[in-house]
Amino acid sequence: LFVMGEEYSDMKISLPGQYSVNNALAAIAACHRMGTDIEDMREPLSKISVNGRCEPVFISQDYSVIIDYAHNGSSLINLIETMRQYNPGRILCLFGSVGGRAQLRRKEMGTVSGTMCDLSIITTDDPNFEDPEEIIIEISKYVEEVNGEYVAITDRQEAIEYAVDIMKPGDMLILAGKGHERIMKVKGEEIPIDERECVLKALRKRKIIV
């Protein structure tokens, strides 16, 4: 690491992806310019995490589960390309699309996941006043158009459990769309849902963790 002509030993950042490295370098340069010692940044960078932004929920030699807020085509492309750099056996992508707006995102998400992932698990994401099953059917058509493999499960918690249950050694599961959010908007109500807890519960059920 070189900062303003000075050399430092390598630093580690806990967030995955090249863009996280780029962001860290920019932060290091800015903080150093304001007088912060480089060595004082080492430990915080090694432990930093951002809820719902490429957030590792479970990582082992056999399985990986990532939660991210990606909810349109471009953000999902960036996420999948980043995860491919870790050479997973398969990438399983669980996602949906919001109701009442942004219908173009349904085509984007379905096309990207169907093209770039090994399996799409299409489920519910803030349907609001739309029928969630109709949204899922619409997304499914776009996955079919690119000959992608998919499974449709309306209940998001059930979809997560299914995804964890079918994971094989080397697989990576991406939960896209909800990110940091802890609610599901359905017909004017805000229904609690914690994807992290859903994942951990499913992992315990499979006895992958205790």
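What's counted below: heavy atoms across the whole structure, side chains too, no hydrogens, waters or symmetry copies. Model, not experiment: these values are computed from the prediction.
- Cluster annotation: Ile13 and Val50 are assigned to the same hydrophobic cluster (Ile/Leu/Val/Met/Phe/Trp/Tyr, side-chain heavy-atom contacts under 4.5 Å, transitive).
- Remark: the backbone N or O of Gly89 is not paired with any side-chain donor or acceptor of Asp171 at under 3.5 angstrom.
- With Ile91 as the fixed residue, the side-chain contact (heavy atoms from CB on, under 4.5 Å) test singles out one of Ile66, Leu119, Asp118: Asp118.
- With hydrophobic clusters built from ILVMFWY side chains whose heavy atoms lie under 4.5 angstrom apart, Met116 shares a cluster with Val143.
- The backbone N or O of Lys185 lies less than 3.5 Å from a partner atom in the side chain of Asp126, making a donor-acceptor pair.
- Hydrophobic clustering keeps Val57 apart from Ile59 (ILVMFWY residues linked when any side-chain heavy atoms are closer than 4.5 Å, directly or through intermediates).
- Residue-environment remark: CD (Glu149) stays at or below the threshold of 12 foreign heavy atoms within 6.0 Å.
- Contact detail for Ser140 and Ala152: the closest heavy-atom pair is OG-CB, 4.5 Å.
- The distance from the CG atom of Asp37 to the SG atom of Cys31 is 11.5 Å, given to the nearest 0.5 Å.
- With values rounded to the nearest 0.5 angstrom, His32 atom NE2 is found 10.5 Å from Ile28 atom CD1.
- Scanning both residues, Gly73 and Val112, for their nearest heavy atoms gives O-CG2, 3.9 Å.
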Stepwise side chain to side chain contact (heavy atoms under 4.5 Å, CB included) check, Cys54 with Leu15
CA-CA 7 Å; Cys54 216; Leu15 298 174; 6.0 Å; no

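- With hydrophobic clusters built from ILVMFWY side chains whose heavy atoms lie under 4.5 angstrom apart, Leu92 does not share a cluster with Ile174.
- Minimum interatomic distance between Met172 and Tyr86 (heavy atoms only, all atoms of both residues): CE-CB, 4.5 Å.
- Side chain of Ser120 to backbone of Ile122: no donor-acceptor contact under 3.5 angstrom is found.
- When atom types are taken as modelled, the side chain of Asn128 and the backbone of Glu130 share no donor-acceptor pair closer than 3.5 angstrom.
- A salt bridge links Glu39 to Arg42: at least one charged side-chain nitrogen sits closer than 4.0 Å to a carboxylate oxygen.
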Tell me, with the steps shown, if Asn72 and Ser74 meet side-chain hydrogen bond (donor to acceptor under 3.5 Å, both in side chains).
CA-CA 6 Å; Asn72 58 42; Ser74 59; 3.2 Å; yes

Does Glu144 form a side-chain hydrogen bond (donor to acceptor under 3.5 Å, both in side chains) with Tyr150? I'd like the steps, not just the answer.
CA-CA 8 Å; Glu144 291 174 357; Tyr150 74 92; 2.5 Å; yes

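- Counting only distance, with no hydrogens or angles, the side chain of Lys178 and the backbone of Ile183 share a donor-acceptor pair below 3.5 Å.
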Run the numbers on Arg196 and Ile67 for side chain to side chain contact (heavy atoms under 4.5 Å, CB included), then give the verdict.
CA-CA 8 Å; Arg196 295 147 198 79; Ile67 288 179; 3.7 Å; yes

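- Checking each of Ile153, Asp155, Leu175, Ile121 against Ile160 for a side-chain contact (heavy atoms from CB on, under 4.5 Å) leaves exactly one that passes, namely Leu175.
- Residues Tyr142 and Glu108 are not in side-chain contact: their nearest non-hydrogen atoms beyond the backbone lie 4.5 Å or more apart.
- Taking CG from Leu79 and NE2 from His71, the interatomic distance works out to 12.5 Å, rounded to the nearest 0.5 Å.
- Rounding to the nearest 0.5 Å places CD1 of Ile193 at 4.5 Å from SG of Cys198.
- When all heavy atoms of Ala163 and Leu94 are compared, the closest pair comes out as CB-CD1, 4.2 Å.
- Between Met109 and Ile139, the closest side-chain pair of non-hydrogen atoms is not below 4.5 Å.
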Identify all side-chain donor-acceptor contacts of residues 203-210 below 3.5 Å with residues at least two apart in sequence or on another chain.
from: Lys205; atom 1: NZ; to: Glu161; atom 2: OE2; distance (Å): 2.5
from: Arg206; atom 1: NH1; to: Val164; atom 2: O; distance (Å): 2.7
from: Arg206; atom 1: NH1; to: Asp165; atom 2: O; distance (Å): 3.4
from: Arg206; atom 1: NH1; to: Met167; atom 2: O; distance (Å): 2.9
from: Arg206; atom 1: NH2; to: Tyr63; atom 2: OH; distance (Å): 3.4

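- Listed here is the closest heavy atom pair of Arg106 and Val98: NH2-O, 3.1 Å.
- Rounded to the nearest 0.5 angstrom, Thr82 OG1 and Arg84 CZ are separated by 12.0 Å.
- For Asp125 (side chain) and Ser97 (main-chain N/O), no donor-acceptor pair under 3.5 Å exists by modelled atom type.
- Under the 4.5 Å side-chain heavy-atom criterion for grouping Ile, Leu, Val, Met, Phe, Trp and Tyr, Phe58 is not connected to Met83 through any hydrophobic cluster.
- In the displayed structure, Gln61 atom CD is contacted under 6.0 Å by at most 12 heavy atoms of other residues, nucleotides or ligands.
- Rounded to the nearest 0.5 angstrom, Ser75 OG and Arg105 CZ are separated by 8.0 Å.
- Residue Ile136 comes nearest to Thr123 through the heavy atom pair CG1-O, 3.6 Å, listed as atom of the first residue, atom of the second, then distance.
- Among Glu189, Glu190, Arg156, the one residue that satisfies the side-chain contact (heavy atoms from CB on, under 4.5 Å) test with Met184 is Arg156.
- When atom types are taken as modelled, the side chain of Thr124 and the backbone of Thr154 share a donor-acceptor pair closer than 3.5 angstrom.
- No side-chain donor-acceptor contact under 3.5 Å links Arg182 to the backbone of Glu195.
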